Amino acid sequence: MIPFDKLLNPEQLEAATAPDGPLLVLAAAGTGKTQTLVYRVAFLVEQGQAPDSLLLLTFTNRAAREMIERAQAAAGEAAGGVWSGTFHHICNRFLRRFGDRLGFRHDFTIFDRDDSRACIDECVKTLKLNRKEFPKRDVLAGLFSHAANRAVDVEDAIEHNLSALQVDPMDIVRVHGAYEARKRELGAMDFDDLLVNGLRLLREHEPVRQYYQARFRHVLVDEYQDTNLLQAQTVDILAAQHGNVMAVGDDFQCIYGWRGADFRNIMEFPKRHPACRIVKLERNYRSVPEILEVANAVIAGNPEQFQKTLRATRPARDKPRALFLRDGDEQARAVVRQVRRHQEEGFRLRDMAVLYRAHFHSIELQMELSRAGIPYVITSGVGVFEQAHVKDVLAFLRVCCQPCDRLAFARLLGMLPGVGEKSVEALWRELGGQFDSAAPPQRAALAGRLRPPARAAWKAIGELLAAYHDERLETRGGEIVDRFFEAFLHAHLERTYENAEKRADDIVELALQIGRSPSVPAFLAEVALLTNVDHTFDRQKRGEDADALQLGTVHQAKGLEWPVVFVIWVAEGMFPSSRTLGETGDDAEERRLFYVAVTRAKDELCLCVPQMRGAREGGVFYCKPSRFIKELPRGLLRETYGLR
DNA sequence: GTTGGGAGAATTTTT
DNA sequence: TTCTCCCAAC
């Protein structure tokens with residue numbers, strides 16, 4: 001028997017051991033939300049629930065893995081059988097199994113951002129709309145995604161977003177139609193399609209719905225405040241039969257509104273589930289009282305939320321600092337100095353993090369850290385699996401096992417000398433709209449159609465494709481990647497990039513990663529859904545990273561904590577970001593984001609406020625301290641000016 | 001048709 | 001500073 005009452009405080013205990021029925025846990029930052037979910041899982045398993053009748057939906061793969069591991073530690077290995085992952089992951093699993101009901105192959109490809117963008121470009125071109133003033137692919141992609149995640153028509157999304165634009169909305173609707181058709185044709189889904197189709201599958205196919213409804217006796221959702229309409233509906237359908245749905249979240253921390261997250265989902269949960277029991281967790285175990293005072297004051301600026309106050313449990317320490325600095329360079333030097341000071345006090349580099357609103361805010365700091373010789377890891381905007389050279393390898397693997405994957409085919413062939421877009425198109429057509437690398441005649445046909453220079457370069461790749469099938473390398477992904485690298489990619493990288501060695505290291509890493517997956521197709525199905533946050537976390541966990549300072553956006557820091565946290569560019573226009581304010585004029589979400597940043601800190605918090613920002617062409621312009629600092633009552637921060 | 005150079009623009013947050 | 005697009009040469 002697990003001694004729940006010894007491990008949990010009364011509120012946590014109430015949530016973890018609650019009887020069946022809907023349950024809403026309002027868990028403020030640092031109040032043991034994860035702990036509560038972990039022990040809820042442990043409790044259910046101990047009560048005799050079959051682990052695979054539990055579904056745990058989380059926001060990152062990292063969170064899912066962490067909770068399952070901890071549940072295993074508490075309730076035994078069996079807890080590993082719980083279904084867990086992100087909404088995208090779980091929908092992916094549903095669709096791999098039952099997607100044929102919607103007309104998809106079981107080996108459909110998942111478009112990542114680049115794939116979507118390329119595909120949209122293609123559609124715009126085909127429709128001959130590629131005029132200068134026509135919206136760019138990113139704008140279009142954003143629009144389509146906006147519509148999908150809110151379950152509205154593209155027309156409505158256009159009206160909502162681009163009413164000022166001088167474009168015929170019907171043209172955009174036509175691009176959208178073409179994009180949808182193209183994905184169909186290629187047997188592909190983009191990120192949003194996973195959610196849309198996952199929900200459609202449950203809605204429109206009763207046997208599938210009944211199967212999953214019967215199967216999942218309990219549905220648990222982490223970070224519920226960041227669910228969008230599709231996700232909330234998916235949860236409600238899955239839990240409809242047994243009625244056991246547990247939503248855990250904090251409306252103060254809803255920071256994905258721009259992606260369709262709607263904190264009304266959490267606000268109205270009690271209305272949708274009238275019998276629901278509500279538990280509030282307010283005792284904060286993470287931060288010192290001085291930091292919590294700042295956090296409470298920050299969020300007080302947002303009305304209309306569930307009232308929660310963070311209550312401190314830790315003893316007093318120093319007040320958080322506000323450093324007022326001249327510009328980004330001085331800020332970078334100040335952070336370096338502070339980092340060194342904390343090191344002298346005994347903090348390790350990995351105990352410290354620098355958070356910012358947007359990736360480009362970190363440029364000066366990165367340069368200064370390099371100069372100072374302080375190692376750092378940055379969770380960058382471009383995912384590890386989105387970099388060009390990594391995608392080259394993935395394209396090769398996709399050609400190995402996905403005969404209909406035209407995009408991968410195009411990418412792989414495009415690496416050959418003298419082969420570009422047009423040649424690829426012609427080849428694909430001549431091969432009959434597919435390329436089955438398992439079939440020797442197809443391989444021969446392809447080689448035969450290449451021009452001599454390309455054919456020479458293809459030889460090595462063709463042999464590897466044969467080897468993949470003949471030697472059954474699908475379960476030895478690491479080996480096939482190494483061989484592809486040796487036989488072709490290494491030379492290609494040398495030819496194409498300045499920093500070929502660095503990129504080569506990434507390929508070694510990739511080979512290792514694939515080696516941990518049961519098979520190449522399994523890896524490919526998951527890889528588009530892995531994020532760089534997951535990746536950084538994995539590396540740290542395996543101890544592959546040396547002690548290093550952590551850099552990342554506030555969004556990426558969600559759910560994490562560090563003894564020492566720096567927030568940089570706490571200035572109007574940067575944080576809050578002028579872009580967001582320009583669109584809606586509403587700063588509530590930015591304030592919640594700032595709240596998330598502040599509540600990541602356990603012992604020390606340092607807010608950096610530069611007063612000047614370099615503009616283009618060498619000019620400067622002044623920026624005021626962020627409203628989030630100005631709103632605070634006086635006396636909560638230790639203010640210092642300049643480098644000290 | 002392909003490729004590379006050069007000029008120009010731009011720079012939110014993510015599955 | 002880094003990506004992106006367009007044009008001219010092979």
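If you're wondering where the values come from, they're calculated on a predicted model, not measured in any experiment. Lettering of chains follows the sequences in order, A, B, ..., and the numbering in each one begins at 1. Heavy atoms only: backbone and side chains are in, while hydrogens, waters and symmetry mates are out.
- Centre separation under 5.5 Å together with a plane angle under 30° does not hold for the ring of F360(A) and the six-membered base ring of dT12(B), so they are not marked as stacked.
- Listed pair T553(A) / dT14(B) meets the phosphate criterion, a side-chain N or O lying under 4.0 Å from OP1 or OP2.
- Contact annotation: H555(A) does not reach the phosphate of dT15(B) (side-chain N/O to OP1 or OP2, under 4.0 Å).
- Remark: P of dC3(C) and CG of D114(A) are 12 Å apart, rounded to the nearest angstrom.
- Ring-centre distance between F98(A) and Y212(A): below the 6.0 Å cut-off.
- Both L593(A) and G414(A) sit near DNA chain B, but only G414(A) has its closest nucleotide nearer the 5' end.
- The distance between atom CD of E590(A) and atom P of dT12(B), rounded to the nearest whole Å, is 13 Å.
- Using a 4.0 Å heavy-atom criterion, one finds that L416(A) contacts the sugar-phosphate atoms exclusively.
- Candidate nucleotides dT4(C), dT12(B), dT13(B) were compared by shortest atom distance to the side chain of S577(A), and dT12(B) ranks first.
- Salt-bridge check for K391(A) with D115(A): passed, with a basic side-chain N closer than 4.0 Å to an acidic carboxylate O.
- Here F575(A) and F594(A) bring their ring centres to under 6.0 angstrom of each other.
- Here W428(A) and F435(A) keep their ring centres 6.0 angstrom or further from each other.
- Rounded to whole Å, the distance from CD on E425(A) to P on dG1(B) is 9 Å.
- The side chain of Y256(A) approaches dT14(B) more closely than any other nucleotide in the set dT4(C), dT12(B), dT14(B).
- Using modelled atom types and a 3.5 Å distance limit, the side chains of Q233(A) and Q231(A) yield no donor-acceptor pair.
- Rounded to a whole Å, the CD atom of Q366(A) is 14 Å from the C1' atom of dT11(B).
- In this structure, the NE2 atom of H89(A) is 10 Å from the C1' atom of dT15(B), given to the nearest Å.
- Salt-bridge annotation for E122(A) and K183(A): absent, with no side-chain N of the basic residue lying under 4.0 Å from a carboxylate O of the acidic one.
- With respect to D222(A) and K33(A), a salt bridge is recorded, a charged nitrogen being found less than 4.0 Å from a carboxylate O.
- When the side-chain nitrogen and oxygen atoms of Q556(A) are compared with OP1 and OP2 of dT14(B), one or more of them lie within a distance under 4.0 Å.
- One finds no side-chain N or O of R592(A) lying less than 4.0 angstrom from the OP1 or OP2 phosphate oxygen of dT13(B).
- In this structure, H359(A) places its NE2 atom 5 Å from P of dT13(B), rounding to the nearest Å.
- For the P atoms, the distance from dT4(C) to dT13(B) is 14 Å, rounded to whole Å.
- Which of dT14(B), dC5(C), dT11(B) sits closest to the side chain of R137(A) comes down to dC5(C).
- We find that NE2 of H361(A) is positioned 16 Å from C1' of dT2(C), with the value rounded to whole Å.
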Give DNA chain B the dot-bracket treatment, 5' to 3': Watson-Crick (N1-N3 with N6-O4 or O6-N4) or G-U (N1-O2, O6-N3) under 3.5 Å, [ ] crossing, | other strand. |||||||||......
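- Closest to the side chain of S423(A), from the set dT14(B), dT15(B), dG1(B), is dG1(B).
- Side-chain proximity of A358(A) to dT13(B), dT2(B), dT15(B): nearest is dT13(B).
- Among the protein residues, R451(A) comes within range of no part of the nucleic acid, since none of its heavy atoms lies under 4.0 Å from any strand.
- Comparing dT4(C), dT15(B), dT12(B) by their closest approach to the side chain of D192(A) singles out dT15(B).
- Atom CG in L427(A) sits roughly 13 Å away from atom C1' in dG1(B) (whole-Å rounding).
- S145(A) and N149(A) form a side-chain donor-acceptor contact under 3.5 Å, judged by distance and modelled atom types alone.
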